[in-house]
A.B. asks: 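The structure under discussion is supplied below as structure tokens; questions concerning it will follow.
Note that the structure is predicted; figures quoted are calculated from it, not measured.
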Amino acid sequence: MWEFIRDHPLHPRIDRRLQDTGFYRIIEIGWLQFDWALITAMIKRWRPETHTFHLPIGESTITLEEVEVLFGMPVDGLPVSYPHALRDYRGLHYLHMLQRLTGFQPAEKTALSGASRLQLTPVRQHLEAMDAEITDDSPPEVIDRHAILLLLLMFGEVMFPNTSGNLVSLRFLHHLERLDDLLGYSWGVAVLGYMYRQMCRACMGTQRDIAEFYRCCR
């Protein structure tokens with residue numbers, strides 16, 4: 001996402017639409033350099049039983065207040081949950097939903113991973129093609145399509161990444177269907193919970209990397 005924004009500065013209309021969603025603060029902060037040695041040391045001090053770092057000076061952790069203040073994410077509101085009506089959705093259902101919301105569907109079915117995850121490379125490529133078409137006179141639906149695809153990049157690469165760094169869960173399309181409602185959800189709670197989960201997995205040795213968001217919160 002950061003490379004795309006660097007090479008394709010966002011049109012002011014896209015900026016405003018992302019501000020409406022409550023996620024623009026992450027773009028304002030931008031990509032941050034991180035210290036692998038520090039992160040490795042912190043993981044060794046993480047205790048999954050309490051979700052805290054055990055330091056020589058006492059226990060410490062990353063809190064909801066920090067997520068809200070630093071990144072502007074709401075910590076109150078509706079839970080970020082998966083509707084029961086979509087529990088039976090599989091790959092093609094999500095691809096049809098993606099097409100309906102963004103006008104985009106990857107040409108290669110191999111872009112799908114498992115039942116609900118999509119590779120982000122074709123999303124970035126489609127955004128690059130769309131970018132030149134965004135003007136002051138673009139219809140609102142075109143602006144929304146661009147914003148939804150950018151948010152998919154953000155969710156997959158910054159907020160809820162897996163260790164590949166190139167997959168996003170299409171289950172988020174349920175929330176992205178109504179951009180004006182995004183501020184009504186407790187995204188800060190979802191992101192912090194996901195980060196705790198990643199930290200627990202890393203400290204127990206079940207994965208080799210951690211969520212990008214933790215690197216930003218260091």
Side-chain angles (χ1 to χ4, degrees), residues 1-7 10 18 21-77 79-82 113-114 116-121 123-124 150-172 175 182-183 185-218:
M1 185 185 77
W2 304 122
E3 291 179 0
F4 172 80
I5 293 175
R6 180 197 64 198
D7 297 336
L10 300 181
L18 291 174
T21 68
F23 293 111
Y24 190 71
R25 174 65 179 155
I26 294 176
I27 292 178
E28 286 183 314
I29 293 171
W31 183 82
L32 298 174
Q33 180 64 45
F34 55 92
D35 186 332
W36 275 114
L38 173 62
I39 291 174
T40 300
M42 294 299 285
I43 289 174
K44 290 180 179 179
R45 293 185 176 274
W46 180 258
R47 296 296 181 267
E49 301 85 0
T50 57
H51 290 163
T52 57
F53 299 104
H54 282 220
L55 306 173
I57 59 173
E59 293 187 35
S60 177
T61 193
I62 300 168
T63 67
L64 282 174
E65 181 181 11
E66 290 168 323
V67 173
E68 183 177 29
V69 172
L70 293 175
F71 298 94
M73 290 188 187
V75 297
D76 298 309
V80 179
S81 59
Y82 191 54
S113 176
S116 63
R117 293 197 294 181
L118 178 70
Q119 291 181 10
L120 288 169
T121 300
V123 176
R124 285 190 293 268
L150 276 170
L151 288 170
L152 281 179
L153 286 186
M154 184 184 294
F155 285 7
E157 295 181 352
V158 181
M159 294 170 57
F160 304 100
N162 70 351
T163 54
S164 77
N166 191 43
L167 290 172
V168 65
S169 173
L170 292 179
R171 292 178 175 180
F172 288 117
H175 295 91
L182 286 177
L183 277 173
Y185 289 88
S186 52
W187 290 102
V189 175
V191 167
L192 188 62
Y194 185 82
M195 189 206 69
Y196 282 173
R197 179 170 174 258
Q198 295 284 90
M199 288 292 296
C200 290
R201 287 183 169 184
C203 79
M204 292 186 290
T206 58
Q207 68 180 40
R208 298 177 59 186
D209 202 356
I210 60 170
E212 179 75 20
F213 196 76
Y214 169 66
R215 301 171 186 173
C216 298
C217 287
R218 71 197 190 287

A.B. asks: Which residues pass the ring pair (Phe, Tyr, Trp, His ring centres under 6.0 Å) test with Y24, sequence neighbours left out?
C.D. replies: none
A.B. asks: Please examine the side chains of L151 and L18, heavy atoms only from C-beta on, and report whether any two atoms are closer than 4.5 Å.
C.D. replies: yes
A.B. asks: Between CZ of R47 and CE of M199, what distance do you get to the nearest 0.5 Å?
C.D. replies: 10.5 Å
A.B. asks: Hey, does W31 have a side-chain heavy atom less than 4.5 Å from the side chain of I5?
C.D. replies: no
A.B. asks: Test your reading of the model: is there a side-chain donor-acceptor pair from Y194 to the backbone of P161, 3.5 Å cut-off?
C.D. replies: yes
A.B. asks: State, yes or no, whether a side-chain contact exists between L120 and L118 at a heavy-atom distance under 4.5 Å.
C.D. replies: no
A.B. asks: Taking all atoms of both residues into account, what is the closest heavy-atom pair of L183 and P74, and its distance?
C.D. replies: O-CG, 3.9 Å
A.B. asks: Taking E157 for its side chain and M154 for its backbone only, find out whether a donor-acceptor pair lies under 3.5 Å.
C.D. replies: no
A.B. asks: Please check if the side chain of S186 supplies one atom and the backbone of V189 the other of a donor-acceptor pair under 3.5 Å.
C.D. replies: no
A.B. asks: Please work out whether the ring planes of W187 and H175 are parallel, tilted or perpendicular, with thresholds of 30° and 60°.
C.D. replies: perpendicular
A.B. asks: Mind checking side chain to side chain contact (heavy atoms under 4.5 Å, CB included) for H51 and listing every partner two or more places apart, or none if nothing turns up?
C.D. replies: W46, Y196, C200
A.B. asks: So, taking the atom named CD in E66 and the one named CG in L192, what distance separates them when rounded to the nearest 0.5 Å?
C.D. replies: 9.0 Å
A.B. asks: Knowing that exactly one of F23, F172, F71 qualifies, which makes a side-chain contact (heavy atoms from CB on, under 4.5 Å) with M159?
C.D. replies: F23
A.B. asks: Could you tell me if the side chain of L64 sits less than 4.5 Å from the side chain of E68, heavy atoms only?
C.D. replies: no
A.B. asks: Taking atom CE of M42 and atom CD1 of I62, what is their separation to the nearest 0.5 Å?
C.D. replies: 7.5 Å
A.B. asks: Output a table of donor-acceptor pairs, distance under 3.5 Å, between side-chain atoms of residues 52-60 and any protein atom two or more places apart or on a different chain; print 'none' if there are none.
C.D. replies:
unit_1, atom_1, unit_2, atom_2, d
T52, OG1, T50, OG1, 2.6
T52, OG1, E59, OE1, 3.0

A.B. asks: Between R117 and N166, is the side-chain hydrogen bond (donor to acceptor under 3.5 Å, both in side chains) condition met? List the steps.
C.D. replies: CA-CA 10 Å; R117 293 197 294 181; N166 191 43; over 6 Å; no
A.B. asks: Just verifying a value: how many Å separate I26 CD1 and W2 CH2, rounded to the nearest 0.5 Å?
C.D. replies: 7.0 Å
A.B. asks: Quick one: CG on L167 to CG on N162, what's the gap to the nearest 0.5 Å?
C.D. replies: 4.5 Å
A.B. asks: So, the side chain of S169 versus the backbone of R171: is there a donor-acceptor pair under 3.5 Å, distance only?
C.D. replies: yes
A.B. asks: Within the structure provided, determine whether I27 and L150 are in side-chain contact (heavy-atom separation under 4.5 Å).
C.D. replies: no
